[in-house]
Amino acid sequence: MEYQLTAEVLPPAQTPALDALQRHGVAALLDEHLELLAQIEGPDGVEIEPVDHRISVESTGASITWVLDAPALAFAEDAARHVLGELLEHTELLADWSVGRCEVTASDEDLAAALADVDDVDIDDDDVEIEIDLEELDGLTSLGEPSEEDRAAKREQLLEAADALGAFDPDAFGYDQDGAVSIDAATLVAGALMQGLELLTEELFVDVQTLEEAGTPASEHEVLWVLHDLPTRYAGHYTALFAKKFLISVAVLGYRLALPEWDGPLHTAEVLAIQLVKTAARNQLELAGLADELPLDEMFDTFDGYAFGDLDVDELLAEPAAADSEDDEDDVDELVLVDWFEPFVEADDEDESDYDVADAVDETVQA
């Protein structure tokens with residue numbers, strides 16, 4: 001039988017209220033690990049299957065609505081609490097968090113059936129604690145789904161954020177007076193692009209700090225916000241210094257997107273940054289509950305034509321040919337990362353203002 005549980009995951013006492021970036025990160029971490037669970041082994045080897053989950057994160061912690069297929073209510077609760085505790089313990093960034101309330105929530109009919117099942121199962125009372133809040137059984141709503149009010153507020157935020165994008169007109173997102181993409185849709189995606197860029201920059205700052213404090217490359221870390229989304233082959237070379245250089249590239253991209261003209265990416269690192277910003281933009285629209293009403297694939301295909309021009313992105317990001325040995329491959333990978341930051345054209349042929357900005361950001365990060 002399937003049981004719906006509600007569990008609270010809480011930060012340590014006296015933790016300041018979580019900001020928007022932290023809430024986004026907590027939701028991403030929990031979702032990533034819960035998605036990997038195919039089966040849970042409950043008491044006495046009982047098999048429990050995760051069916052679905054939803055996550056909502058507020059300033060004080062996270063709430064998880066979790067549907068489990070289990071032979072009895074008590075097994076579902078006990079397994080959920082145990083698995084969530086293990087998940088937190090083995091997640092570096094959530095290791096200090098704890099599981100609070102964890103209980104089954106169901107309709108009266110389902111609850112009666114569940115309690116009947118419990119009567120037929122021999123369960124050690126010392127191992128299982130059953131706690132059911134009857135006041136919360138009726139009128140349950142799905143966590144994680146934005147309300148109409150939230151959707152309207154997020155839409156306004158995205159429309160306002162679009163004002164910061166100067167490099168591309170609505171045409172770059174497929175707007176056509178006679179076509180399927182309205183000016184409103186193009187403006188929403190433009191705003192999501194700018195908000196995605198802001199979030200990407202904040203997450204990169206966190207990655208830089210994490211790598212700098214640990215003194216190890218990205219390959220040695222379970223979770224990083226941005227660097228784990230770059231090509232995994234080179235993860236062993238994603239050091240704190242690399243992360244700073246990539247952060248500079250993202251900062252320069254933000255400056256260039258605010259300018260009234262666009263003449264293509266400066267280098268491979270900026271191409272990668274644009275790809276990540278597009279992904280972040282999609283996430284912004286999905287979190288706002290707006291993605292389903294937009295032809296995003298077609299809109300971003302059009303955007304790619306404006307952003308990359310004749311540049312063959314697939315060929316540019318293709319992995320190099322296999323080396324003769326692991327040592328040679330390591331050398332090749334390091335050279336590839338150096339090439340990522342080399343300009344596509346000589347600085348003398350390019351508007352030098354872009355490079356002046358890069359130098360300024362570099363000095364700021366080093367300071």
Side-chain angles (χ1 to χ4, degrees), residues 24 28 146 151 154-155 157-201 203-204 225-233 246 249-319 339-340 343-345 354:
H24 176 80
R151 281 164 54 91
K154 185 62 175 179
R155 178 186 290 272
Q157 291 176 7
L158 293 175
L159 293 175
E160 291 177 6
D163 293 338
L165 180 62
F168 298 101
D169 294 328
D171 294 355
F173 300 98
Y175 167 63
D176 185 342
Q177 291 182 350
D178 300 324
V181 178
S182 67
I183 186 67
D184 185 68
T187 307
L188 282 174
V189 176
L193 204 71
M194 297 311 290
Q195 285 204 345
L197 173 68
E198 181 180 350
L199 179 61
L200 185 70
T201 304
E203 291 177 340
L204 259 175
W225 298 119
V226 176
L227 299 184
H228 278 177
D229 291 327
L230 293 177
T232 56
R233 166 174 176 157
F246 194 67
S249 298
V250 172
V252 172
L253 173 63
Y255 167 79
R256 299 185 68 223
L257 289 178
L259 297 177
E261 296 181 358
W262 176 261
D263 53 5
L266 297 178
H267 41 57
T268 303
E270 191 166 76
V271 171
L272 287 163
I274 293 171
Q275 300 283 54
L276 293 179
V277 170
K278 287 164 50 186
T279 299
R282 282 181 180 269
N283 292 338
Q284 291 295 308
L285 292 165
E286 289 174 358
L287 289 172
L290 301 171
D292 291 341
E293 65 186 62
L294 301 170
L296 289 182
D297 289 341
E298 294 83 353
M299 295 178 75
F300 279 119
D301 283 345
T302 302
F303 174 77
D304 286 349
Y306 281 78
F308 302 127
D310 296 330
L311 189 65
D312 189 334
V313 175
D314 291 335
E315 181 179 352
L316 181 69
L317 301 181
E319 290 194 2
D339 288 342
W340 281 4
F344 291 141
V345 296
D354 288 328

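All values below were derived from every heavy atom in this structure, side-chain atoms included, with hydrogens, water molecules and symmetry-related copies excluded. On a predicted model such as this, the values are computed, not experimentally measured, just so you know.
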When rounded to the nearest 0.5 Å, the distance separating CG of Leu230 from CG of Leu276 is 5.5 Å
Q. Roughly how far, to the nearest 0.5 Å, is CG of Leu165 from CE of Met194?
A.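 Answer rounded to 0.5 Å: 5.5 Å.
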For the residue pair [X] and [Y], what are the closest heavy atoms and their distance?
X: Ala28; Y: Trp225; result: CB-CZ3, 4.4 Å
X: Phe300; Y: Ala281; result: CZ-CB, 4.1 Å
X: Leu200; Y: Ala273; result: CD2-O, 4.1 Å
X: Arg155; Y: Leu188; result: NH1-CD1, 3.3 Å
X: Leu294; Y: Leu290; result: CG-O, 3.7 Å
X: Pro231; Y: Leu272; result: CD-CD2, 4.1 Å

- [ ] Using modelled atom types only, decide if a donor and an acceptor are shared between the side chain of Thr232 and the backbone of His228 within a distance under 3.5 Å.
- [x] no
Judged by atom type as modelled, is there a donor-acceptor pair below 3.5 Å linking the side chain of Arg282 to the main-chain atoms of Ala291?
no
Student check: side-chain heavy atoms of [X] and [Y] closer than 4.5 Å:
X: Arg256; Y: Leu266; answer: yes
X: Leu158; Y: Lys154; answer: yes
X: Asp304; Y: Ile274; answer: no
X: Leu316; Y: Phe308; answer: no
X: Asp169; Y: Tyr306; answer: no
X: Leu193; Y: Leu197; answer: no
X: Val189; Y: Val181; answer: no
X: Thr279; Y: Asp229; answer: no

Students often mix this up, so state it plainly: with edges at 30° and 60°, are the rings of Phe168 and Phe173 parallel, tilted or perpendicular? perpendicular
- Message: Surrounding CG of Asp312 (heavy atoms of other residues, nucleotides or ligands, distance under 6.0 Å), is the total greater than 12?
- Response: yes
Show the numbers, then the answer: is there a side chain to side chain contact (heavy atoms under 4.5 Å, CB included) between Gln195 and Leu199?
CA-CA 6 Å; Gln195 285 204 345; Leu199 179 61; over 6 Å; no
